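Source: prediction; values computed, not measured.
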Amino acid sequence: MNNEFDLIARYFSRPAPPGILGVGDDCALLAVAPGHQLACSTDLLIEGRHFFSDVDPAALGHKALAVNVSDLAAMGAQPLGCLLSLSLPAVDHDWLAAFAGGFHALAERAQCPLIGGDTTRSPAGIVINVTIMGQVRLETALLRSGAKADDDIWITGTLGAADVALRLLNNSLPGDPALLAATRPALERPLPPWHFGRSLAGVAHSALDISDGLVQDLSHILKASGCGAELDYDALPVDPALRGLDDALLRTAVLAGGDVYQLCFTAARDQRGRIQELAGQASVRATRVGRITARPGLAIHDAQGRPITVATGGFDHFS
Ligand code: ADP
Ligand code: MG
């Protein structure tokens with residue numbers, strides 16, 4: 001039961017939905033609806049870099065797909081299917097069963113079936129690559145370059161918990177089991193708003209998913225759109241688990257903390273009602289946190305208008 005083909009058959013081969021040729025041939029085949037573009041994205045997860053060696057494999061399977069689902073949501077695209085390439089130093093059936101279980105569970109929820117991939121032996125450490133494919137109409141795709149002066153800036157979900165969990169796990173914060181228990185799900189089981197993201201196509205002007213920290217990610221929109229922004233720090237949706245944390249830590253976690261996998265998007269002011277309606281339908285929390293300005297630069301202030309500064313811009317693999 002340890003050869004490559006047995007592993008694929010046992011853990012990764014699932015019947016493909018009608019109209020799709022899934023695992024088992026040289027290529028998977030899938031159709032894109034007329035008038036739509038194929039939306040593709042890929043993410044690489046490396047043991048010791050993106051996940052701890054002892055992470056719960058079911059959570060890892062979930063997250064490997066979730067970070068890709070998040071990219072489709074941020075484009076306003078509908079998931080169609082995904083590919084999984086896995087490089088493993090050894091075959092551990094318990095690990096594989098749990099990993100595949102977490103992966104397929106989210107694939108089913110997000111209607112994004114696993115339709116192919118590659119499986120190899122790794123000389124050192126686990127490497128996971130997921131490629132996701134979806135569809136979106138070109139005219140309504142949520143590009144980073146679409147923000148307009150006077151747009152509202154919105155955020156889904158809450159901020160900060162994943163960053164605090166990461167700091168607790170890598171011991172850059174003193175141990176706090178209760179805080180870890182409350183923040184860990186945000187880090188290990190992010191649930192990007194894929195239904196809501198898709199429903200924003202044609203409603204919002206621009207969007208991206210927050211993976212490297214709000215300030216850094218929002219600046220990508222500002223740069224691509226040639227505009228600036230004012231953020232209201234006190235309006236930001238802080239995860240309730242972070243209540244009572246030291247101010248400086250909170251500020252860094254909320255403004256620069258990564259691994260959020262929620263959306264930051266901009267939309268015209270006259271879409272406020274529609275956006276709250278769509279958020280309600282998708283059971284997603286959507287919070288208005290600022291506005292786009294014609295003048296470049298990102299200004300962050302509190303409710304009293306005092307400027308807020310943050311120590312770090314976010315995560316960069318090569319900095
Ligand atoms: P090839 O030799 O063309 O690379 P493989 O023998 O690697 O094909 O794979 C056989 C089939 O299994 C292909 O359809 C491939 O997409 C699929 N596959 C391989 N690894 C995985 C995986 N980890 N998850 C899903 N499908 C996989
Ligand atoms: Mg292969």
Side-chain angles (χ1 to χ4, degrees), residues 2 4 7-8 11-12 41-71 82-107 114 117-132 159-177 179-192 209-214 216-217 249 252-253 256-262 311-319:
N2 280 356
E4 182 190 330
L7 290 185
I8 296 167
Y11 298 113
F12 300 116
S41 182
T42 193
D43 259 295
L44 191 58
L45 300 177
I46 295 177
E47 181 177 347
R49 167 97 284 189
H50 302 97
F51 59 93
F52 296 103
S53 302
D54 61 354
V55 70
D56 168 16
L60 184 61
H62 169 95
K63 186 164 178 177
L65 180 55
V67 301
N68 285 276
V69 168
S70 180
D71 283 319
C82 60
L83 305 170
L84 167 66
S85 293
L86 202 53
S87 195
L88 303 168
V91 172
D92 174 340
H93 286 284
D94 292 337
W95 190 95
L96 272 165
F99 176 86
F103 193 101
H104 289 299
L106 179 61
L114 178 61
D118 204 13
T119 307
T120 65
R121 191 176 289 274
S122 159
I126 298 170
V127 179
I128 304 164
N129 173 239
V130 176
T131 297
I132 198 163
L159 298 168
D163 185 63
V164 168
L166 185 61
R167 286 162 190 265
L168 288 165
L169 288 171
N170 68 19
N171 297 314
S172 64
L173 276 180
D176 184 336
L179 185 59
L180 180 59
T183 54
R184 199 171 188 158
L187 178 67
E188 295 186 345
R189 289 201 171 260
L191 214 49
D209 63 326
I210 306 172
S211 56
D212 298 329
L214 173 60
Q216 182 169 309
D217 288 323
L249 172 62
T252 311
D259 273 297
V260 179
Y261 302 109
Q262 291 290 332
T312 157
F315 189 76
D316 177 346
H317 279 278
F318 295 101
S319 67

### Task
Applying side chain to side chain contact (heavy atoms under 4.5 Å, CB included), name anything that partners Leu83, two or more places apart in sequence or on another chain.
Ile115, Thr131, Met133
### Message
Holding to side chain to side chain contact (heavy atoms under 4.5 Å, CB included), I want the full list of residues that pass it with Ser53, two or more places apart in sequence or in another chain.
### Response
Glu47
#### Entry: For Asp259, all residues meeting side chain to side chain donor-acceptor pair (under 3.5 Å), sequence neighbours excluded
Lys63
### Query
Quick one: ring pair (Phe, Tyr, Trp, His ring centres under 6.0 Å) partners of Tyr261, sequence neighbours excluded?
none
### Message
Holding to side chain to side chain donor-acceptor pair (under 3.5 Å), I want the full list of residues that pass it with Asn171, two or more places apart in sequence or in another chain.
### Response
none
### Message
Would you call the rings of Phe12 and His104 parallel, tilted or perpendicular, taking 30° and 60° as the class edges?
### Response
tilted
### Query
side chain to side chain contact (heavy atoms under 4.5 Å, CB included) with Leu44: which residues, sequence neighbours excluded?
Ile46, Val127, Asn129
### Message
Please report the interatomic distance CG(Asp212) to CG(Leu214), rounded to the nearest 0.5 Å.
### Response
11.5 Å
### Task
Calculate, to the nearest 0.5 Å, the distance between atoms OG1 and CG belonging to Thr252 and Asp163 respectively.
8.0 Å
### Query
Can you name the side chain to side chain donor-acceptor pair (under 3.5 Å) partners of Ser70, sequence neighbours left out?
Asp209
### Query
Applying salt bridge (Lys or Arg N to Asp or Glu O under 4.0 Å), which residue pairs with at least one partner in residues 92-107 are found, sequence neighbours left out?
none
### Task
List for me each residue that meets side chain to side chain contact (heavy atoms under 4.5 Å, CB included) alongside Arg189, sequence neighbours excluded, and say none if there are none.
Asp56, Ala58, Ala59, His62
